[in-house]
Visitor: 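Submitted below is the structure of interest, expressed as structure tokens.
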Amino acid sequence: MMRAWVNRLAEAGRLLTVERAVDPRFELAAVTKRAQEAGNRPILFRNVKGTQLEVVTNLFADGERLRRLVPVEEGPFAAAYASMLDAAEARVEPPTREAPAPEDLRQGQLPDLPLITYHERDAGPYFTAAIVLALDPDTGVPNLSFHRAMYVGPGELRLRLGDSHDLAGYQRRAEEAGRDLPAALLIGVTPPVFFAAGTHLPPGVSEYALAAELAGQPVEVYPGACASLPVPTTAEIVVEGRILPGERRPEGPFGEVLGYYVPEGLNHVMEVDGVSYRSDAIFHSLLCGSREDLALLEAVNAARVYRDLNRRLPGIVDVSCAPAFMNTTVQIRPQYAGHARDVMDVVFDSHADYNQLCCVVEEDVDLHDMNAVIHAFITRGRVDTRTRIMEGRKGFYRDTQDDFAGRVGLDATRPFGREDEFVVKEVPGLDAVRLEDYLTREPDG
Ligand SMILES: Cc1cc2nc3c(=O)[nH]c(=O)nc-3n(C[C@H](O)[C@H](O)[C@H](O)COP(=O)(O)O)c2cc1C
């Protein structure tokens with residue numbers, strides 16, 4: 001599956017290929033970072049030391065292309081993706097269909113996989129594009145979510161679950177009952193599964209329902225070898241095991257999404273019972289905090305906020321979480337004085353971890369361009385009365401000391417009822433001007 005996709009990228013001339021032997025300790029990440037400076041094309045490492053598997057990275061880094069991977073209609077992505085969330089929640093048909101396990105699946109062990117160490121102070125190799133599949137211990141509803149996994153040895157991984165995530169809730173309930181939580185790491189999946197795993201859905205709704213809506217058909221799954229978890233037939237690599245109850249061991253430091261090292265902490269332990277991969281499996285590596293990480297978080301977070309806003313307020317046009325998912329810019333058609341303030345309230349309530357900054361603009365401002373957003377804020381009225389500060393609201397999930405707490409809102413709309421005083425200036429005839437009709441060409445040299 002991944003092989004066919006990588007081949008298509010190569011045929012389209014989009015794939016960068018590294019044939020040279022590359023060290024998984026730092027060198028692979030360094031080459032990735034250097035290539036990212038020059039653009040966001042996917043990179044295939046064909047010869048990574050210590051493993052037979054090829055490694056692809058930067059696969060979903062191009063936000064524009066990423067969004068095109070899901071079959072949403074024309075128009076703003078946030079609105080279209082929000083309607084996919086509605087469809088997933090309302091879905092009555094089964095989201096998965098049982099199928100035989102892939103014939104070319106072979107059994108292996110963790111050290112067969114590329115063990116990539118990314119940053120100087122990282123505690124060890126990490127799986128950064130691993131999607132954790134687990135079933136609700138009470139209802140059996142499958143959940144898919146990304147959680148980085150630290151490699152400790154052939155039989156053990158350590159995971160950071162994050163308190164607010166569904167997987168953390170599943171594990172808590174299993175732990176209260178004194179039981180292991182069976183889990184499988186999926187590495188290398190199709191775009192619908194990738195998107196769904198990055199999306200937050202309400203309790204009781206499986207990410208498989210969203211993946212099925214995005215794919216336009218049920219996700220084909222087979223019962224995993226160790227705990228019969230429903231594993232997608234398209235997954236390249238599957239690591240099966242159990243998250244242990246009442247067990248926490250040191251994990252980290254790790255250089256994660258915000259660009260800093262998360263210090264070592266006591267985190268969850270996964271005992272590994274089996275590793276399997278396709279005969280031509282390609283391992284997916286993801287540089288945390290790069291565009292590949294942020295583009296997905298921005299897209300899905302914007303859709304969730306759009307949906308929350310649209311359910312409660314009029315005049316919502318679009319939402320963007322550029323240039324990073326901790327910011328949310330909302331484009332509105334102002335309906336009344338104080339409209340932007342109400343928007344901020346909904347945004348701040350939309351997710352406990354994100355939306356630290358909320359900017360509100362009108363339709364004439366490019367909401368994906370933070371320079372334009374800030375320009376509107378500082379030129380369209382008083383900055384003091386249109387800044388909203390909320391103290392003491394919980395922040396990013398890894399925060400233990402309120403370092404990311406609080407919220408700031410910037411109202412960059414024009415004062416309601418005084419729009420005429422802020423008409424954006426225009427030069428008549430600009431569109432018709434072609435410079436070559438006017439400029440005298442200087443002789444070369
Ligand atoms: C590439 C990527 C890596 C992520 N890594 C982690 C992680 O290591 N720990 C974590 O708690 N959340 C991580 N997240 C965030 C969650 O997995 C993600 O937001 C997911 O939607 C949560 O699912 P849930 O709402 O079903 O709990 C990551 C997200 C992405 C896109």
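One-based numbering, in listed order, for ligands and for the atoms of each.
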Visitor: If the cut-off is 4.0 Å to any non-hydrogen atom of Arg148, which atoms of ligand 1 fall inside it?
Guide: 7 (C), 8 (O)

Visitor: Look at the aromatic rings of Trp5 and Phe60 and report parallel, tilted or perpendicular, splitting at 30° and 60°.
Guide: tilted

Visitor: In terms of atom number and element, which parts of ligand 1 are under 4.0 angstrom from non-hydrogen atoms of Gly162?
Guide: 11 (O)

Visitor: Quick test of your reading of the model: are Glu362 and Arg333 salt-bridged, counting only N-O distances below 4.0 Å?
Guide: no

Visitor: Mark up the atoms of ligand 1 that fall under 4.0 Å of a heavy atom belonging to Gly198, in ascending order.
Guide: 19 (O), 21 (O)

Visitor: Tell me whether the centres of the aromatic rings in Phe194 and Phe146 are closer together than 6.0 Å.
Guide: yes

Visitor: For residues Asp318 and Ser320, is any side-chain donor paired with an opposing acceptor at under 3.5 Å?
Guide: no

Visitor: For Leu296, take its heavy atoms, then give the atoms of ligand 1 lying under 4.0 Å from any of them.
Guide: 31 (C)

Visitor: Return a yes/no value for Thr128: is any of its N or O atoms, backbone included, closer than 3.5 angstrom to an N or O of ligand 1?
Guide: no

Visitor: Under a 3.5 Å threshold, yes or no: a donor from one side chain and an acceptor from the other, between Asp342 and His339?
Guide: no

Visitor: Touching ligand 1 at all, Ala197? Heavy atoms, strictly under 4.0 Å?
Guide: yes

Visitor: May I ask whether Phe254 places a heavy atom under 4.0 Å from ligand 1?
Guide: no

Visitor: Tell me the contacting part of Leu286 for ligand 1: side chain, backbone, both, or neither, using a 4.0 Å heavy-atom threshold, strictly below.
Guide: side chain

Visitor: Please work out whether any backbone atom (N, CA, C, O) or any side-chain heavy atom from C-beta onward of Val257 is under 4.0 Å from ligand 1, and answer side chain, backbone, both or neither.
Guide: neither

Visitor: Check ligand 1 against His200 and write out every atom of the ligand that is under 4.0 Å from a heavy-atom position of the residue.
Guide: 21 (O), 24 (P), 25 (O)

Visitor: Should the proximity of Glu256 to ligand 1, defined as any heavy atom under 4.0 Å, be assigned to the side chain, the backbone, both, or neither?
Guide: neither

Visitor: Rounded to the nearest 0.5 Å, what separates atom CG in Asp166 from atom CG in Leu161?
Guide: 11.5 Å

Visitor: Give the atom numbers and elements of ligand 1 that come within less than 4.0 Å of a heavy atom of Leu161.
Guide: 11 (O)

Visitor: Could you check Glu37 against Arg34 for salt bridge (Lys or Arg N to Asp or Glu O under 4.0 Å), going step by step and ending with a plain yes or no?
Guide: CA-CA 5 Å; Glu37 286 165 9; Arg34 182 65 81 214; 2.9 Å; yes

Visitor: Centroid separation under 6.0 Å, is that true for the rings of Tyr261 and Phe254?
Guide: no

Visitor: Which is closest to atom 6 (C) of ligand 1 by heavy-atom distance: Phe146, Phe127, Phe194?
Guide: Phe146

Visitor: Is the contact between Tyr354 and ligand 1 made by the side chain, the backbone, both, or neither, using heavy atoms and a 4.0 Å cut-off?
Guide: side chain

Visitor: Strictly below 4.0 Å, N to O, side chains only: are Arg25 and Glu27 in salt-bridge contact?
Guide: no

Visitor: What's the shortest heavy-atom distance between Ile43 and Ala35, and which atoms?
Guide: CD1-CB, 3.5 Å

Visitor: Quick check on contacts: which atoms of ligand 1 are under 4.0 angstrom from a heavy atom of Asn143?
Guide: 26 (O)

Visitor: For atom 27 (O) of ligand 1, state which one of Asp166, Ile131, Leu297 supplies the nearest heavy atom.
Guide: Asp166

